[in-house]
Amino acid sequence: MKYSYRETPETIKGTFAEYAKSIGFSWKEFVMTVPSPLFLVTTYKSNGLPNACMQSWACFTSANHGEGYYAILGSVNKGGHLYATMKETGCAVINFMAPAQYDACMASIRNNQMETDEIAASGLTSEPAEWVNAPMARECFMNLECKYLWEKEIVPGDDHALVCLEVLGAHIEEAYLADKTGERGMLFNIHHQINPENCGKTAHDYAGVLHKKIDMGEY
């Protein structure tokens, strides 16, 4: 049996799934929970100090007849340092963390003052990127150096923007060359799952890893 949901279910009214609208989340996000890659985006602020911002709600794709590889960040806050610094410098680095680096990367959310080196303050090591004017987090197993291409509002006048970055190149730890997924690989954001047919008072965010189930064939 399938349940159908278009309007806010009565069962979740008065819960986080409803009032989260005030901070930009639709109730559909919690009912239809779709995992998304979790990563740290690093840039330089106008004062030269590293900026670090956790991001998800993103996808990666090829385009231009295979000539380019692109990151589409679906929800970048226009009022934050990340948005300002990407526009100022025209670049950024996307850093993929293993589970062991999760806490340090999440600490960047608290260490976000203008006069703070947000990478160092979070317990990570900053090093300059090779091809763009941005810092990288050394402890992250994969760093994608990116060029800012364009942005678009999903809804006109929104306070968040969809941003497209071109991935120019990558730095990948040797131990991850063959496999970047699995128990010690990249994390995915599993955002506040709520069962509208049996809705409790609380829900939780999780970070998960991929577990391979089906071999889709060799090519």
Side-chain angles (χ1 to χ4, degrees), residues 23-26 29 34-97 101 105-106 108-109 112 114 117-119 122 124 126-173 176-177 180-181 185-189 191 210:
I23 54 175
F25 293 116
S26 166
E29 181 150 1
V34 179
S36 179
L38 187 63
F39 48 83
L40 185 71
V41 183
T42 49
T43 53
Y44 284 124
K45 292 178 274 195
S46 58
N47 58 9
L49 291 173
N51 176 71
C53 182
M54 290 291 285
Q55 286 284 291
S56 192
W57 296 274
C59 66
F60 294 78
T61 187
S62 299
N64 191 24
H65 306 285
E67 292 295 327
Y69 187 51
Y70 305 87
I72 310 296
L73 310 189
S75 185
V76 179
N77 186 344
K78 291 182 181 178
H81 291 156
L82 176 60
Y83 179 79
T85 54
M86 283 196 299
K87 297 291 290 289
E88 290 167 1
T89 64
C91 58
V93 174
I94 294 174
N95 306 270
F96 281 96
M97 73 208 74
Q101 286 78 52
C105 290
M106 284 297 290
S108 66
I109 295 172
N112 64 352
M114 189 65 182
D117 177 336
E118 299 179 25
I119 295 178
S122 302
L124 300 168
S126 173
E127 57 186 15
E130 185 172 345
W131 306 299
V132 300
N133 179 31
M136 303 190 300
R138 180 186 298 170
E139 290 80 4
C140 290
F141 70 83
M142 182 165 69
N143 318 93
L144 308 183
E145 298 196 25
C146 302
K147 178 174 71 174
Y148 170 92
L149 288 188
W150 51 260
E151 68 178 84
K152 181 177 177 59
E153 294 174 343
I154 296 176
V155 177
D158 201 3
D159 55 3
H160 284 64
L162 182 153
V163 174
C164 178
L165 302 175
E166 181 179 3
V167 179
L168 302 180
H171 308 276
I172 307 170
E173 287 284 353
Y176 287 87
L177 285 174
K180 299 157 196 68
T181 62
M186 61 181 62
L187 292 168
F188 288 78
N189 177 24
H191 192 50
L210 285 178

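One-based numbering along the sequence shown. All values reported here derive from a predicted model rather than from experimental measurement.
For residues 130-146, the pairs satisfying salt bridge (charged side-chain N to carboxylate O under 4.0 Å, His left out) are Glu127-Arg138, with sequence neighbours left out. Counting only residues at least two apart or in different chains, salt bridge (charged side-chain N to carboxylate O under 4.0 Å, His left out) contacts with residues 39-63 comprise Lys45-Glu118.
Here the side chains of Asn189 and Phe39 are not in contact, with every heavy-atom distance at 4.5 Å or above. Under the 4.5 Å side-chain criterion, counting only non-hydrogen atoms from C-beta, Glu151 is not in contact with Met86.
Evaluation of the side chain to side chain contact (heavy atoms under 4.5 Å, CB included) rule for Ala134 yields Cys91, Val93, Val132 as partners, not counting sequence neighbours. Asn95 pairs by the side chain to side chain donor-acceptor pair (under 3.5 Å) definition with Thr42, Asn143, not counting sequence neighbours. For the salt bridge (Lys or Arg N to Asp or Glu O under 4.0 Å) test, no residue two or more places apart in sequence or in another chain qualifies with Lys180. In this structure Glu153 satisfies the salt bridge (Lys or Arg N to Asp or Glu O under 4.0 Å) test together with Lys78, sequence neighbours excluded. Remark: Ser26 pairs with no residue by the side chain to side chain donor-acceptor pair (under 3.5 Å) rule, at least two apart or across chains. Listed by chain and number, the residues in a salt bridge (Lys or Arg N to Asp or Glu O under 4.0 Å) with Lys152 amount to none (sequence neighbours excluded). For Ser108, there are no side chain to side chain donor-acceptor pair (under 3.5 Å) partners, not counting sequence neighbours. Residues meeting the side chain to side chain donor-acceptor pair (under 3.5 Å) test with Tyr44, sequence neighbours left out: none.
How far CZ of Phe188 is from OG1 of Thr181: 8.0 Å, rounded to the nearest 0.5 Å. Rounding to the nearest 0.5 Å places OG1 of Thr85 at 12.0 Å from CG of Leu49. Rounded to the nearest 0.5 angstrom, Cys140 SG and Ile94 CD1 are separated by 11.5 Å. Rounded to the nearest 0.5 angstrom, Leu187 CG and Leu40 CG are separated by 12.0 Å. Here the NZ atom belonging to Lys147 is positioned 14.0 Å from the CH2 atom belonging to Trp131, to the nearest 0.5 angstrom. Taking OG of Ser122 as the reference point, atom CG of Asp117 lies at 8.5 Å (rounded to 0.5 Å).
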Could you list the donor-acceptor pairs under 3.5 angstrom formed by side chains in residues 53-61, with sequence neighbours left out?
residue, atom, partner, partner atom, Å
Ser56, OG, Ser36, O, 3.3
Ser56, OG, Ser36, OG, 3.4
Ser56, OG, Pro37, O, 2.8
Trp57, NE1, Glu29, OE2, 2.4

Cut-off 3.5 Å, no hydrogens considered: what does the side-chain donor-acceptor table look like for residues 67-77, sequence neighbours left out?
residue, atom, partner, partner atom, Å
Asn77, OD1, Gly79, N, 2.8

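Listed here is the closest heavy atom pair of Ser46 and Met114: OG-CE, 3.2 Å. Smallest separation of non-hydrogen atoms from Tyr148 and Lys87: OH-CD, 3.3 Å.
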Test His160 against Tyr83 for side-chain contact (heavy atoms from CB on, under 4.5 Å), laying out the working first. CA-CA 9 Å; His160 284 64; Tyr83 179 79; over 6 Å; no

